[in-house]
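For reference, the structure discussed in these notes is given below.
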Amino acid sequence: VELARKNKVPTVALISGAESMVVLTFSAAAKEQGTKTAGMLKKILAGENPDNLPVQNPAQVELIVNMKEAQTMGITVPSEVLDSATRVIE
């Protein structure tokens, strides 16, 4: 991340928790992930074979824009991206 900042290369993360260091974060909603994981764990603890559990894709995703990082790099974030953002870090 530091090398990208130094060279003014925009950064994107596909996992939550990185939003303070990158310009854009696109990830599954943490609350939904936790709820689905808890449901799967409940089934496993009840004796279900994990191999029988289906892969679940997120229904909700978050788009977080870090304007502080963008401004540091001299990037103008289009209004369409800001309007689509779940959260904007000023």
Side-chain angles (χ1 to χ4, degrees):
V1 172
E2 289 301 322
L3 184 60
R5 278 187 190 134
K6 180 180 174 185
N7 292 294
K8 300 201 179 284
V9 175
T11 50
V12 177
L14 298 176
I15 57 170
S16 61
E19 54 269 6
S20 66
M21 301 178 288
V22 299
V23 176
L24 293 175
T25 304
F26 188 72
S27 67
K31 184 176 179 180
E32 179 190 8
Q33 279 185 306
T35 301
K36 286 185 176 187
T37 301
M40 292 174 73
L41 180 59
K42 184 177 178 182
K43 290 177 182 180
I44 292 167
L45 292 174
E48 188 159 345
N49 184 337
D51 290 340
N52 296 334
L53 297 177
V55 173
Q56 297 181 28
N57 292 318
Q60 300 172 340
V61 293
E62 295 180 338
L63 173 61
I64 302 167
V65 179
N66 185 333
M67 289 301 294
K68 183 178 175 184
E69 275 297 309
Q71 290 166 351
T72 298
M73 294 184 178
I75 298 167
T76 301
V77 179
S79 60
E80 296 86 3
V81 173
L82 292 173
D83 291 344
S84 299
T86 313
R87 185 170 59 144
V88 176
I89 298 171
E90 296 293 335

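For this chain, numbers begin at 1 and follow the sequence in order. The analysis underlying the following values was restricted to heavy atoms, covering all of them including side chains, and did not include hydrogens, waters or symmetry mates. Bear in mind that the values here come from a model prediction, so they are computed numbers and not experimental data.
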Under a 4.5 Å cut-off applied to non-hydrogen side-chain atoms, are [X] and [Y] in contact?
| X | Y | result |
| --- | --- | --- |
| V12 | V22 | no |
| R5 | E69 | yes |
| L53 | K43 | yes |
| L24 | I64 | no |
| R87 | E19 | yes |
| V65 | V81 | yes |

**Prompt:** Do side-chain atoms of N66 reach the backbone of K68 as a donor and acceptor pair under 3.5 angstrom?
**Reply:**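 Checked: pair present.
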**Request:** Return yes if some donor-acceptor pair links the side-chain N/O of T86 with the main-chain N/O of L63 below 3.5 Å, else return no.
**Result:**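 Side chain of T86 to backbone of L63, a donor-acceptor pair under 3.5 Å: yes, one is there.
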**Asked** Stepwise, does the side chain to side chain contact (heavy atoms under 4.5 Å, CB included) test hold for M67 with V88?
**Response** CA-CA 7 Å; M67 289 301 294; V88 176; 3.5 Å; yes
**Prompt:** Just how far is it from atom NZ of K42 to atom OG1 of T37, taken to the nearest 0.5 Å?
**Reply:** 14.5 Å
**Prompt:** Measuring from Q33:CD to Q60:CD, what's the distance to the nearest 0.5 Å?
**Reply:**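 CD of Q60 is found 10.5 Å from CD of Q33.
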What's the shortest heavy-atom distance between [X] and [Y], and which atoms?
| X | Y | result |
| --- | --- | --- |
| V23 | P10 | CG2-CA, 4.3 Å |
| A18 | T25 | C-OG1, 4.1 Å |
| K8 | T72 | NZ-O, 3.1 Å |

**Prompt:** Cluster question for you: counting only ILVMFWY and a side-chain heavy-atom cut-off of under 4.5 Å, with indirect links fine, are L14 and V77 together?
**Reply:** yes
**Message:** I'd like to know if F26 and I75 are part of one continuous hydrophobic network [Ile/Leu/Val/Met/Phe/Trp/Tyr, side-chain heavy atoms within less than 4.5 Å].
**Reply:** yes
**Chi angles and distances behind the salt bridge (Lys or Arg N to Asp or Glu O under 4.0 Å) call for K36, E32** = CA-CA 6 Å; K36 286 185 176 187; E32 179 190 8; 3.2 Å; yes
